[in-house]
Amino acid sequence: NIRSMFKGNLTAVFQSLKAEMQQYVGDLQFEKAQVIKTKIDQLSQYQESSTVVADHIGDLDVATIIVHNDIAYINFMVVVNGRVLHSKNEDVKLGLAEETPEDVLSHVVAQLHTQFNSKSKEIVTHIPIETLDTNTAVVIPKSGYRKKLLDLSFKNNEFFVLQVKKKKALLLEEDTAKNMQTTLEE
């Protein structure tokens, strides 16, 4: 049950719990059946609160890239049954002049797709990218639930960019303060 839950497959968990509850009811162990019913209700509430889009959409990956100065900021999400199962932000220093955002995003998506063991055969993004798997479709949505997921990825990415900039500003302030302190001590 736990393994299924972490993979985003709550249907198997619901089925198992309902079977267990029915067994307790059949054995006239109503208190134990009520405990299982409470677990089912809590799991149902969790499912409702964690669903981002309709659960019938299946599995897909969502990726966005924002390039600022010489750094590419990437957000990657694995969506299973309408729920974001994994999300990761990365920043990549662009080193070569001929590196395009499409190339960088293609490379990072391939790495993260493997890292998260994604089973998705669809990648939702805002720019055309190459995939290593010819059975994987790249979708650039204009509207609908895929667009909603793409917008969510952009929001995550924009927040990540702000966090990185704040962190760099704080580090710069700390370095400046240390340098000033050293200068004053001399």
Side-chain angles (χ1 to χ4, degrees), residues 2-13 43 45-171:
I2 303 246
R3 191 171 290 157
S4 292
M5 197 163 88
F6 282 123
K7 289 183 178 180
N9 183 8
L10 296 180
T11 304
V13 178
L43 189 57
Q45 287 175 346
Y46 164 76
Q47 183 178 25
E48 288 174 16
S49 67
S50 68
T51 300
V52 178
V53 292
D55 60 355
H56 68 276
I57 67 165
D59 301 351
L60 53 90
D61 296 340
V62 183
T64 56
I65 185 169
I66 298 172
V67 178
H68 188 344
N69 295 332
D70 289 339
I71 300 175
Y73 300 93
I74 296 147
N75 176 262
F76 180 81
M77 299 186 310
V78 176
V79 179
V80 177
N81 296 325
R83 289 178 289 285
V84 177
L85 195 58
H86 302 288
S87 181
K88 182 162 185 166
N89 291 309
E90 287 198 3
D91 53 338
V92 177
K93 179 107 171 102
L94 300 176
L96 304 174
E98 61 271 3
E99 268 184 322
T100 65
E102 291 85 353
D103 293 337
V104 172
L105 190 59
S106 295
H107 178 74
V108 173
V109 164
Q111 283 183 327
L112 295 175
H113 185 82
T114 303
Q115 178 182 332
F116 289 120
N117 197 24
S118 175
K119 305 294 185 222
S120 170
K121 293 296 180 189
E122 181 177 338
I123 299 171
V124 176
T125 186
H126 58 105
I127 56 176
I129 62 171
E130 298 292 322
T131 63
L132 298 176
D133 184 357
T134 57
N135 295 324
T136 301
V138 176
V139 178
I140 302 174
K142 300 288 184 224
S143 62
Y145 66 85
R146 287 178 179 89
K147 177 69 168 130
K148 182 179 176 183
L149 287 168
L150 191 61
D151 292 344
L152 177 63
S153 179
F154 264 118
K155 286 180 184 175
N156 288 346
N157 212 356
E158 289 167 351
F159 182 74
F160 176 61
V161 170
L162 288 174
Q163 292 302 103
V164 168
K165 287 180 180 180
K166 283 182 183 178
K167 186 175 180 180
K168 286 180 181 177
L170 285 173
L171 290 173

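We're numbering straight along the sequence, starting at 1. For the numbers below, each heavy atom of this structure counts, side chains included, while hydrogens, waters and symmetry mates do not.
Neither side chain, Asn157 nor Lys155, offers a donor N or O lying under 3.5 Å from an acceptor on the other.
In this structure, Glu102 CD and His107 NE2 are separated by 15.5 Å, a value rounded to the nearest 0.5 Å. Expressed to the nearest 0.5 Å, how far CD of Glu158 lies from NE2 of His68 amounts to 11.5 Å. Here the CG-CD distance, from Asp91 to Gln163, works out to 12.5 Å after rounding to the nearest 0.5 Å. Asp61 contributes atom CG, which lies 6.0 Å from atom CD1 of Ile123 (distance to the nearest 0.5 angstrom). Separation of atoms NZ (Lys121) and CG (Asn135) is listed at 5.5 Å; rounding is to 0.5 Å. Between Glu122 atom CD and Thr131 atom OG1 the span is 12.0 Å, to the nearest 0.5 Å.
Here the rule is side chain to side chain contact (heavy atoms under 4.5 Å, CB included) with Leu60, and of Thr136, Val124, Val139 only Val124 fits it. Partner of Leu94 under the side chain to side chain contact (heavy atoms under 4.5 Å, CB included) criterion, out of Asp103, Thr100, Val67: Val67 alone.
Considering all non-hydrogen atoms of both residues, His113 and Ser120 come closest at CE1-O, 3.3 Å. Contact between Asp59 and Lys119 at its shortest, heavy atoms only, is OD2-CB, 4.2 Å.
A donor-acceptor pair under 3.5 Å is absent between the side-chain atoms of Ser106 and the main chain of Ile129, judged by distance alone. No side-chain donor-acceptor contact under 3.5 Å links His86 to the backbone of Phe76. Using a distance-only test at 3.5 Å, with no hydrogens or angles considered, no donor-acceptor pair links the side chain of Ser118 to the main chain of Val78. Ser153 places no side-chain N or O within donor-acceptor distance of the main-chain N or O of Leu149, the cut-off being under 3.5 Å.
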Residues Asp151, Lys147; criterion salt bridge (charged side-chain N to carboxylate O under 4.0 Å, His left out); working and verdict = CA-CA 6 Å; Asp151 292 344; Lys147 177 69 168 130; 3.0 Å; yes

Would you please test Ile127 and Ile140 for side chain to side chain contact (heavy atoms under 4.5 Å, CB included) and show each step?
-> CA-CA 7 Å; Ile127 56 176; Ile140 302 174; 5.6 Å; no

Val164/Lys166 under side chain to side chain contact (heavy atoms under 4.5 Å, CB included): CA gap, chis, key distance, verdict | CA-CA 5 Å; Val164 168; Lys166 283 182 183 178; over 6 Å; no

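Judged as a side-chain contact (heavy atoms from CB on, under 4.5 Å), and not counting sequence neighbours, the contacts of Lys88 are Glu90, Leu112, Gln115, Phe116.
The shortest distance between side-chain heavy atoms of Phe160 and Ile74 does not fall below 4.5 Å.
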